[in-house]
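Heavy atoms only: backbone and side chains are in, while hydrogens, waters and symmetry mates are out.
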Amino acid sequence: MSAAVIPALSVRGLRAGYGSGGDIVCGIDADVAPESILAVIGPNGSGKSTFVKTLAGLLRPRDGAIAVTGRDVTQLSPARRVASGLAYVPQEANVFANLTIRENLKLATEFLRGRAGIGPAQQAQVMALFPEIAARPKLLAGNLSGGQRQMLAFACALLSNPEVLLLDEPSAGLSPKFVGETMEAVARVRESGVTIVLVEQNVAAALRVADDVMVLVAGRNSLRAPAREIAVADLAGLFFAKAG
């Protein structure tokens with residue numbers, strides 16, 4: 001990356017874990033270029049979700065630093081990180097099923113303070129990305145398909161006008177049709193100017209939309225390369241090799 005370009009997201013020496021256990025994230029360094037998609041892939045138990053939860057502020061790092069567009073957010077709460085331009089969509093429970101689409105969208109910005117660009121203009125831009133959602137504001141979120149629920153979750157996160165969007169396994173549990181629709185939505189979000197960190201178990205789907213790939217094995221970055229240079233068939237050796 002050119003020295004003149006400030007990464008949308010920068011991570012240095014990040015370590016994290018749970019309770020008194022050992023590190024699950026073991027000293028990760030990463031820069032993510034503006035308006036790009038970084039796919040984070042790896043075998044089960046490699047630390048992918050722990051990594052993205054630490055970025056989002058749900059898990060406090062034991063060491064290291066996290067910066068969004070050059071601003072250090074390492075010690076900020078999840079809410080303050082949203083105000084600093086970092087939005088997060090969890091794998092599960094990412095919409096309120098008993099509320100309508102309109103109510104979910106309203107609730108997404110109800111408590112946001114201090115973030116520029118939040119308002120009717122941003123909502124109109126977000127709704128233009130997801131016409132399937134915009135067309136049925138009174139529909140209960142629980143009556144949406146799996147892919148449509150993910151799109152609603154993306155829309156709610158984007159209402160905060162983020163610089164970086166963190167997605168944790170957005171294709172989990174979806175049929176192949178909805179996986180495709182969800183990844184198309186991810187690509188549209190990137191095209192709107194948002195940087196994306198995509199944690200994904202469906203490697204083939206992730207590679208179709210990502211610009212760069214980071215492979216985690218045992219909490220460590222085992223490979224960073226452009227997505228076009230990665231072949232799914234070549235990943236087995238990395239996924240199941242013993243970490244050094």
Side-chain angles (χ1 to χ4, degrees), residues 6-19 24-25 28 30 32 34 38 40 47-127 129-130 133 141 149-170 186 189-190 192-199:
I6 297 174
L9 178 70
S10 183
V11 179
R12 289 290 177 270
L14 193 67
R15 291 184 174 273
Y18 299 93
I24 295 175
V25 173
I28 292 177
V32 187
L38 173 66
V40 181
K48 301 186 300 296
S49 287
T50 301
F51 174 60
V52 76
K53 287 175 182 175
T54 306
L55 295 180
L58 301 179
L59 185 64
R60 189 164 294 277
R62 293 172 173 173
D63 198 6
I66 303 165
V68 177
T69 60
R71 180 186 176 189
D72 191 291
V73 300
T74 312
Q75 300 304 319
L76 297 185
S77 67
R80 293 285 300 278
R81 292 189 196 200
V82 172
S84 297
L86 189 63
Y88 170 60
V89 177
Q91 178 180 342
E92 298 177 339
N94 51 26
V95 298
F96 294 96
N98 60 335
L99 299 180
T100 65
I101 289 172
R102 176 181 291 156
E103 290 166 339
N104 270 275
L105 294 168
K106 183 176 186 297
L107 192 61
T109 58
E110 193 73 19
F111 303 103
L112 285 176
R113 299 290 185 273
R115 177 70 182 159
I118 297 173
Q122 176 67 5
Q123 180 158 341
Q125 182 178 348
V126 170
M127 289 298 94
L129 290 173
F130 305 107
I133 300 303
R149 281 197 298 274
Q150 288 291 26
M151 291 180 200
L152 176 57
F154 294 175
C156 288
L158 291 171
L159 289 178
S160 67
N161 190 29
E163 302 288 345
V164 179
L165 178 63
L166 308 173
L167 301 177
D168 189 4
E169 304 271 9
V186 171
V189 171
R190 187 270 305 275
S192 74
V194 179
T195 303
I196 298 173
V197 176
L198 171 65
V199 172

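Between I196 and L167, the closest side-chain pair of non-hydrogen atoms falls below 4.5 Å. Counting heavy atoms from C-beta on, the side chains of D168 and P90 never come closer than 4.5 Å. Looking at F154 and V126, their side chains never come closer than 4.5 Å, going by heavy atoms from C-beta outward. In this structure, the side chains of P162 and V82 stay at 4.5 Å or more apart for every pair of heavy atoms. Inter-residue side-chain proximity for L198 and V40 is flagged as unmet; no heavy-atom pair is nearer than 4.5 Å. At a threshold of 4.5 Å between non-hydrogen side-chain atoms, the residues V189 and F130 count as touching. You'll find the side chain of E169 reaches within 4.5 Å of the side chain of K48, heavy atoms only.
Here the CG-CD distance, from N161 to Q122, works out to 4.0 Å after rounding to the nearest 0.5 Å. The CG atom of L105 lies 5.5 Å from the CG atom of L152; values are rounded to the nearest 0.5 Å. Between R102 atom CZ and I133 atom CD1 the span is 13.5 Å, to the nearest 0.5 Å. Atom-to-atom distance recorded for L86:CG and I66:CD1 is 8.0 Å, nearest 0.5 angstrom. The distance from the CZ atom of F51 to the CD1 atom of I28 is 5.0 Å, given to the nearest 0.5 Å. Considering CG of L158 and OG1 of T109, their distance stands at 12.5 Å, rounded to 0.5 Å.
Q123 places no side-chain N or O within donor-acceptor distance of the main-chain N or O of P120, the cut-off being under 3.5 Å. Side-chain atoms of R81 come within 3.5 Å of backbone N or O of L76 as a donor-acceptor pair. Side-chain N or O atoms of S160 include one that pairs as donor or acceptor with a backbone N or O of A157 at under 3.5 Å. Proximity of a side-chain donor or acceptor of N104 to a complementary backbone N or O of F96 within less than 3.5 Å is detected.
Listed by chain and number, the residues in a side-chain hydrogen bond (donor to acceptor under 3.5 Å, both in side chains) with T74 are D72 (sequence neighbours excluded). A search for side-chain hydrogen bond (donor to acceptor under 3.5 Å, both in side chains) contacts involving N94 returns Q150, not counting sequence neighbours.
Of all heavy-atom pairs spanning L14 and P61, the tightest one is CD1-CB, 3.7 Å. Across all non-hydrogen atoms, the minimal contact from G70 to A67 is C-CB, 4.2 Å. Summarising the geometry of A141 relative to V95, their closest heavy-atom pair is CB-CG2, 4.2 Å, with the distance given to 0.1 Å. Between L165 and Y88, the shortest heavy-atom contact is CD1-N, 4.5 Å. What you find for V164 and A8 is that their closest heavy atoms are CG2-O, 3.6 Å. Minimum heavy-atom separation, P78 to L58: CG-CD2, 4.0 Å.
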Take L99 and L107 through the test side-chain contact (heavy atoms from CB on, under 4.5 Å) and record every step on the way to the result.
CA-CA 10 Å; L99 299 180; L107 192 61; 4.2 Å; yes
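A donor and an acceptor atom, one from each side chain of Q75 and R60, are located under 3.5 Å apart.
The environment of CZ in R80 is sparse: at most 12 heavy-atom neighbours from other residues, nucleotides or ligands sit within 6.0 Å.
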